[in-house]
Amino acid sequence: MVELQFTGSHADIGRQRGEQLKYVIQMSLEHWVREHTHLFTQEDAHAYGRGMAEDMSRRWPEIIDEVLSTGKAAGISDDDMYAYVFRCWNALSKTHPATLACYNMACNDPERGAIIAGVLEDSPPYYLLETIIPHHGIPSYIVTWAGMPYAVRGMNKAGVAIGQASSFAGTRFRPGTHDFSFALYARGFFAERKALQYATTIDEAVDIILGFECASVFMIADPSGRVVALEPCGALHAMRHPDERGVLTGGTFESPELIKALIDEGIAHDWEGGMRTAKKVAARLHDAHGHSTMEWMAAYLQEEQSEGGWCHDGLQSATIACPATGDFWVSGYRPCVSGFARHIIADLPDPVRA
């Protein structure tokens, strides 16, 4: 896993990212934006990106400075950067499923306490670990995609750990009251980055994420020992907690009340598929009760998918976080090959003040 460190204001962070990752960002943009023109036109991609940027300017204006400074340093136009960071290829696809990728899970390490872990599934492998030290906010370790100003998995110096799994409203079969556009999903990655930058507790992280009116499944833990799975979907959301053994899963939406609300909104969702995966993962975690250490979790994530684990060719990263001890373990592409690098939040520098 490539590791980089960025410091300063949002504009500073973006400039550093664009300078150090210029050609990787250009290659990724070429693949995901320009090579997907069979799905959409460049004009449509740019219009979508500008609309998302206008919306994000109201929710978190400082992050737009970071987007634009990244693009400028990487030699990419504003319109192309907006289309890229807001994932136009997903938004403008006509056939995107509601059941996607990535997964979160939690259990208790007998010695360390609650741990949350999970996998990041995507392609191609443009993911890396950024250490972000902002002028304003909390330093953090963030797994993200080259050039993207957002977070997929991470942990901050306050001990708040968050993992994301892609999930959003499915196909409408009749009109409803609320908006469930793809914009909800694209905003989720930005919501996680802001939560990592400013939240010191689960409750603060939840408030920040819900303020983005996004759609994803987030597993969040803090040093108090609490763990929650937050399932926001625009104006709707649900929250789940670990069972009596500390086991919790989080992939697609699982909360019956949220699924019912989506159905009432006229939306079809693959709840059964998500529950099959959840039951399989929960059973594995329950079987490990009493020896479900971070080391055990690393072995589970490194086990080949064909043998009941998680390692496969689409697995770009995996993380394991223990807020009580400040441990944050990160693997790169195919953890069964790359292994885990061990980080601790005590090693994160203090914020750099302007």
Side-chain angles (χ1 to χ4, degrees), residues 1-54 56-57 60 62-93 96 101-102 120-132 141-154 164 166 182 185-190 192-193 313-317 330 332-334 338:
M1 173 69 87
V2 173
E3 298 184 15
L4 297 172
Q5 180 172 300
F6 306 132
T7 65
S9 67
H10 283 282
D12 293 334
I13 290 167
R15 175 182 51 77
Q16 293 161 33
R17 181 184 291 122
E19 290 173 348
Q20 296 184 47
L21 295 169
K22 178 176 181 178
Y23 299 110
V24 179
I25 297 170
Q26 289 181 357
M27 284 191 296
S28 185
L29 175 79
E30 190 70 24
H31 175 85
W32 287 106
V33 178
R34 299 199 178 100
E35 290 303 312
H36 280 67
T37 51
H38 62 287
L39 298 175
F40 50 79
T41 67
Q42 289 295 298
E43 291 76 14
D44 287 343
H46 290 165
Y48 164 76
R50 286 193 296 268
M52 289 293 289
E54 182 179 351
M56 190 59 63
S57 293
W60 194 15
E62 295 84 2
I63 204 66
I64 297 298
D65 294 337
E66 190 169 314
V67 170
L68 296 179
S69 61
T70 298
K72 182 177 180 180
I76 295 169
S77 72
D78 294 353
D79 276 349
D80 277 347
M81 277 301 292
Y82 287 148
Y84 178 60
V85 301
F86 294 115
R87 302 170 69 110
C88 67
W89 58 93
N90 291 135
L92 302 178
S93 170
H96 227 297
C102 306
L120 192 173
E121 298 170 307
D122 206 342
S123 64
Y126 289 116
Y127 287 91
L128 64 153
L129 178 67
E130 294 185 351
T131 298
I132 301 290
Y141 296 117
I142 289 174
V143 178
T144 188
W145 182 339
M148 300 298 194
Y150 56 55
V152 185
R153 310 196 65 81
Q164 180 269 352
S166 298
F182 183 85
Y185 171 67
R187 289 198 297 261
F189 301 99
F190 291 82
E192 181 176 342
R193 163 72 189 279
D313 287 346
L315 205 164
Q316 307 300 333
S317 179
V330 184
Y333 178 64
R334 286 189 63 91
S338 63

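Atoms considered below: every heavy atom in the structure, side chains included; atoms not considered: hydrogens, waters and symmetry mates.
Residues Val33 and Cys88 are in side-chain contact: their nearest non-hydrogen atoms beyond the backbone lie under 4.5 Å apart. A 4.5 Å side-chain heavy-atom check between Ile132 and Tyr141 finds every atom pair outside the cut-off. When side chains are defined from C-beta on, Leu315 does not count as touching Tyr333, because their heavy atoms never get closer than 4.5 Å. Between Met81 and Val85, some side-chain heavy-atom pair lies under the 4.5 Å cut-off. Residues Ile63 and Phe190 meet the side-chain proximity criterion, which asks for heavy atoms closer than 4.5 Å. When side chains are defined from C-beta on, Leu128 counts as touching Leu4, because their heavy atoms get closer than 4.5 Å. Residues Thr70 and Arg15 are not in side-chain contact: their nearest non-hydrogen atoms beyond the backbone lie 4.5 Å or more apart.
Applying the side chain to side chain contact (heavy atoms under 4.5 Å, CB included) criterion to Gln16, with sequence neighbours excluded, gives Phe6, Thr7, Asp12, Gln20. Residues satisfying the side chain to side chain donor-acceptor pair (under 3.5 Å) criterion with Asp78, sequence neighbours excluded, are absent altogether. For Glu3, there are no salt bridge (charged side-chain N to carboxylate O under 4.0 Å, His left out) partners two or more places apart in sequence or in a different chain. Among residues two or more places apart in sequence or in another chain, the salt bridge (charged side-chain N to carboxylate O under 4.0 Å, His left out) test is passed with Asp313 by Arg334. Under the salt bridge (charged side-chain N to carboxylate O under 4.0 Å, His left out) criterion, Glu66 pairs with Arg17, Arg193, sequence neighbours left out. Legend: residues meeting side chain to side chain donor-acceptor pair (under 3.5 Å) with Tyr150, ordered by chain and number and at least two apart, are Arg87. Take Lys22 and apply the side chain to side chain contact (heavy atoms under 4.5 Å, CB included) test, not counting sequence neighbours, and it matches Gln26, Ala74. A search for side chain to side chain contact (heavy atoms under 4.5 Å, CB included) contacts involving Ser317 returns Met1, Leu120, Val143, Thr319, Val330, not counting sequence neighbours. Applying the salt bridge (charged side-chain N to carboxylate O under 4.0 Å, His left out) rule to Arg187 yields the partners Asp55; only residues at least two apart in sequence or on another chain are considered.
Heavy atoms only, all atoms of each residue included: Ala151 and Ile142 are closest at CB-CG2, 3.6 Å. The minimum heavy-atom distance between Ala146 and Tyr84, with the atom names listed, is O-OH, 2.7 Å. Nearest heavy-atom pair across Gly8 and Ile13 is O-CD1, 3.7 Å.
In this structure, Trp89 has its ring center at least 6.0 angstrom away from the ring center of His31.
Formation of a donor-acceptor pair under 3.5 Å by the Thr131 side chain with backbone atoms of Gln5 is not found in this model. In this structure a side-chain-to-backbone donor-acceptor pair under 3.5 Å is missing from Gln164 to Val152.
Taking the six-membered ring for Trp and thresholds of 30 and 60 degrees, Trp145 and Tyr126 have nearly parallel ring planes, at less than 30 degrees apart.
Here CD1 of Ile25 is found 9.5 Å from CG of Leu29. Values are rounded to the nearest 0.5 Å. Rounded to the nearest 0.5 Å, atoms CG (Leu21) and OG (Ser28) are 10.5 Å apart. To the nearest 0.5 Å, the span separating CD on Glu62 from OG on Ser9 amounts to 10.5 Å.
Donor-acceptor pairing under 3.5 Å is lacking for the side chains of Asn90 and Tyr185.
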Would you mind writing out the side-chain donor-acceptor pairs for residues 45-54 within the sub-3.5 Å range, not counting sequence neighbours?
unit_1, atom_1, unit_2, atom_2, d
His46, NE2, Asp80, OD1, 2.7
Tyr48, OH, Phe86, O, 2.8
Arg50, NH1, Asp79, OD1, 3.3
Arg50, NH1, Asp79, OD2, 2.9

Apply side-chain contact (heavy atoms from CB on, under 4.5 Å) to residues Thr144 and Tyr127 and explain how you reach the verdict. CA-CA 6 Å; Thr144 188; Tyr127 287 91; 5.7 Å; no
